[in-house]
Peer 1: 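Got a structure here, written out as structure tokens. Questions coming.
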Amino acid sequence: MRKQGVQMPRSLANLFSKPSENIMSEIGKTAALMTNVIDLSIGDPDMVTATPILTAAKDSLTAGNTHYSASDGDVEYLKAIIAFYQEKFGLSYTKENVRATVGAGHATFLAFGSIINPNDEVIIFEPYFSPYKTQVEANGGKAIIVTCEAKNGFQPTKEAITAAISDKTKAILVNTPNNPTGAVYDQELLQVLADLAKEHDFYLIADEVYWPFVYGDHEFTPLEKLAPNHTLVTGSLSKVFAMTGFRIGYLAGPADIIDAAGLLNEGITFSAPSISQTAGTYALNHIDDFTPALKEEFGNRLNYVATALNKLPWLNILPVAGSIYLFADISASGMDDVTFSNYLLDKVGVLVIPGRAFGDAGRGYIRIAVTQDMATLAAAVRAFEKLTF
């Protein structure tokens with residue numbers, strides 16, 4: 001209640017005065033408070049970061065590396081990113097094309113903030129990682145949603161993309177391998193996106209967090225190879241090296257955008273953590289010592305869980321393509337995704353994320369993160385098998 005004669009502060013920003021439901025955030029809080037639960041909700045690999053990477057961080061601390069790095073990043077870390085893209089994908093970035101960030105979420109925010117003017121439109125493919133839409137709106141833009149359907153492998157169609165483009169389109173957010181669906185966009189679709197970006201002169205913001213985790217006949221192709229002058233890359237070492245707690249990533253793209261991102265970041269974080277950059281430098285410079293084993297492990301987990309759960313008459317998962325997630329259709333259970341997720345937790349102690357956390361196109365689905373060891377995943381499968389509808 002407002003007290004007489006007391007000046008009360010103004011309200012929150014419009015974006016947050018009536019916030020939409022944040023299911024992912026609420027589930028994260030739930031997971032932190034519960035015990036004896038099989039948590040398949042969070043994209044945080046259960047593996048401990050490899051010892052050589054930890055040793056590099058420890059040695060850096062011992063040597064007194066506890067100060068700011070340059071605002072764009074430690075020069076050795078930037079060199080490691082450049083060398084990684086050259087060796088893996090044949091891309092010729094320079095120091096002016098990359099900057100260190102505090103994970104991929106920070107990189108995506110800087111990318112949006114560097115290009116969006118009020119009322120610019122950004123096309124997002126749904127289901128989508130929920131922070132995308134919030135970040136677009138926080139930077140004054142408008143999110144234009146394009147629905148992706150299971151019958152198309154959760155890939156957008158050219159017709160739907162073209163229909164969404166307007167003279168206000170500033171960017172399309174492209175996440176492949178995809179969170180939450182696990183889709184890996186095929187070469188034809190990526191070429192369509194590249195051609196449209198060039199034709200209409202907008203940006204592609206490529207979230208490449210899960211780039212190594214591609215399975216079967218699928219292949220990861222960096223969008224920046226197809227449209228280098230129109231692509232901003234947001235990357236992270238969190239999943240690739242099981243380094244989530246290090247909070248280290250990068251933004252790569254045209255030099256003028258990287259410059260703008262630097263100006264914006266002066267008032268946000270100034271620089272990424274020095275110790276994390278040292279650990280990231282070692283990891284990137286020895287990538288083949290770590291990433292192939294992680295890819296194999298997650299592939300085994302995905303295929304095991306998908307094969308086992310697809311035997312249930314009320315659940316369906318598309319063939320494994322990529323990422324570290326399964327997007328399971330549970331509509332045949334007769335429950336909506338929120339009701340089902342609550343039932344799964346209450347009945348057998350398994351925590352997953354309802355599909356609607358990733359937009360309306362996720363209704364009727366649940367996201368399963370295979371971020372627990374095989375024994376725990378086997379226990380989760382047995383728990384699912386106990387359910388009847």
Peer 1: Between L173 and F125, is any pair of side-chain heavy atoms under 4.5 Å apart?
Peer 2: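 The answer is no, as the side chains (C-beta and beyond) never meet within the 4.5 Å cut-off.
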
Peer 1: State the CD1-OG distance between I366 and S331, to the nearest 0.5 angstrom.
Peer 2: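 Taking CD1 in I366 and OG in S331, the distance rounds to 11.0 Å.
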
Peer 1: Hydrogens and angles aside, do S92 and Q86 bring a side-chain donor and acceptor to less than 3.5 Å of each other?
Peer 2: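 Yes, side-chain donor-acceptor contact under 3.5 Å.
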
Peer 1: Taking all non-hydrogen atoms of both residues, which atom of C148 and which atom of P156 are closest, and how far apart?
Peer 2: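 Looking at all heavy atoms of both residues, the shortest contact is SG-N, 3.6 Å.
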
Peer 1: Kindly check if the number of other-residue, nucleotide or ligand heavy atoms within 6.0 Å of CZ (F270) is above 12?
Peer 2: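 More than 12 within 6.0 Å, yes.
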
Peer 1: Enter the distance from F241:CZ to T291:OG1 here, rounded to the nearest 0.5 Å.
Peer 2: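 Reported to 0.5 Å precision, the distance equals 4.0 Å.
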
Peer 1: Atom CD1 in I353, atom OH in Y325: separation rounded to 0.5 Å?
Peer 2: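 Reported to 0.5 Å precision, the distance equals 8.0 Å.
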
Peer 1: Classify the side-chain pair Y85/Y250 by whether it contains a donor and acceptor separated by less than 3.5 Å.
Peer 2: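 Short answer, yes.
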
Peer 1: Can you tell me how far CG of L40 sits from CD of Q372, rounded to the nearest 0.5 angstrom?
Peer 2: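 Reported to 0.5 Å precision, the distance equals 6.5 Å.
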
Peer 1: If you round to the nearest 0.5 Å, how far is OG of S166 from CD of E121?
Peer 2: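 Rounded to the nearest 0.5 Å, the CD-OG separation comes out at 3.5 Å.
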
Peer 1: Tell me whether D217 at atom CG has more than 12 heavy atoms from other residues, nucleotides or ligands lying less than 6.0 Å away.
Peer 2: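 Atom CG in D217 is not packed in, count stays at 12 or less.
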
Peer 1: May I have the step-by-step check of side-chain hydrogen bond (donor to acceptor under 3.5 Å, both in side chains) for N139 and Q135, ending in yes or no?
Peer 2: CA-CA 6 Å; N139 281 291; Q135 290 189 350; over 6 Å; no

Peer 1: Check whether any side-chain heavy atom of I144 sits under 4.5 Å from a side-chain heavy atom of T169, and report yes or no.
Peer 2: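 They are not in contact (no side-chain heavy atoms under 4.5 Å apart), so the answer is no.
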
Peer 1: If every non-hydrogen atom of A164 is compared with every non-hydrogen atom of V146, which pair is closest and at what distance?
Peer 2: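 Between these two residues, the closest heavy atoms are CB-CG2, 3.6 Å.
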
Peer 1: Is it true that N179 and S323 share a donor-acceptor pair across their side chains at a distance under 3.5 Å?
Peer 2: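 Their side chains do not contain a donor-acceptor pair, so the 3.5 Å distance test is not met.
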
Peer 1: Any idea which heavy atoms bring S69 and S271 closest together, and the distance?
Peer 2: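 Taking every non-hydrogen atom into account, OG-CB, 3.8 Å.
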
Peer 1: Taking the six-membered ring where the residue is Trp, are the ring centres of Y185 and W211 under 6.0 Å apart?
Peer 2: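 No, the ring centres sit 6.0 Å or more apart.
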
Peer 1: Give the minimum heavy-atom separation between V98 and I258, together with the two atoms involved.
Peer 2: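 Distance-wise, the nearest heavy atoms are O-CG2, 3.9 Å.
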
Peer 1: Taking the side chain as C-beta and beyond, is there a heavy-atom pair between Y77 and T278 under 4.5 Å?
Peer 2: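 Not touching, per the 4.5 Å side-chain cut-off.
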
Peer 1: Is the charged tip of R301 near the ring of Y304: under 6.0 Å from the six-membered ring centre and within 45° of its axis?
Peer 2: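 No, R301 does not lie over the aromatic ring of Y304.
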
Peer 1: Could you grab the distance from atom CD of Q155 to atom OG1 of T176, nearest 0.5 Å is fine?
Peer 2: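 Going from CD on Q155 over to OG1 on T176, the span is 7.0 Å.
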
Peer 1: Out of Y215, F213, F89, Y210, which residue meets the ring pair (Phe, Tyr, Trp, His ring centres under 6.0 Å) rule with F220?
Peer 2: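 Looking at Y215, F213, F89, Y210, the match for F220 under the ring pair (Phe, Tyr, Trp, His ring centres under 6.0 Å) is F89.
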
Peer 1: Check E76 with K79, please: is the shortest side-chain N to carboxylate O separation under 4.0 Å?
Peer 2: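 Judged by the 4.0 Å cut-off on N to carboxylate O distance, K79 and E76 do form a salt bridge.
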
Peer 1: Could you tell me if the ring centre of F358 sits under 6.0 Å from that of F129?
Peer 2: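 No, the ring of F358 stays outside the 6.0 Å limit from the ring of F129, centre to centre.
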
Peer 1: Looking at E188, I want to see if its CD is surrounded by more than 12 non-hydrogen atoms of other residues, nucleotides or ligands under 6.0 Å.
Peer 2: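 It does not: E188 CD has 12 such atoms or fewer within range.
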
Peer 1: A side-chain contact here means heavy atoms from C-beta on lying under 4.5 Å apart; do W314 and F340 qualify?
Peer 2: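 They are in contact (side-chain heavy atoms under 4.5 Å apart), so the answer is yes.
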
Peer 1: Taking atom types as modelled and ignoring hydrogens, do the side chains of D59 and T62 form a donor-acceptor contact shorter than 3.5 angstrom?
Peer 2: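 Their side chains do not contain a donor-acceptor pair, so the 3.5 Å distance test is not met.
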
Peer 1: Of all heavy-atom pairs between G364 and D329, which one has the smallest distance, and what is that distance?
Peer 2: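 Shortest heavy-atom separation between G364 and D329 comes out as O-OD1, 3.4 Å.
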
Peer 1: Can a salt bridge be assigned to the pair D72 and R99 using a cut-off of 4.0 Å between side-chain N and carboxylate O?
Peer 2: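 Salt bridge: no.
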
Peer 1: Is the shortest side-chain N to carboxylate O distance from D337 to R356 below 4.0 Å?
Peer 2: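 Looking at R356 together with D337, the answer is yes, because their closest N to O distance falls below 4.0 Å.
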
Peer 1: Decide if atom CG of D256 counts as having more than 12 heavy atoms of other residues, nucleotides or ligands within a radius under 6.0 Å.
Peer 2: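 Enclosed: over 12 neighbouring heavy atoms sit under 6.0 Å from CG of D256.
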
Peer 1: Is there a side-chain contact between L204 and L232, using heavy atoms and a 4.5 Å cut-off?
Peer 2: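 Counting from C-beta outward, L204 and L232 never come under 4.5 Å.
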
Peer 1: Is the shortest heavy-atom distance from the side chain of L309 to the side chain of I368 under 4.5 Å?
Peer 2: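 Sidechains of I368 and L309: in contact.
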
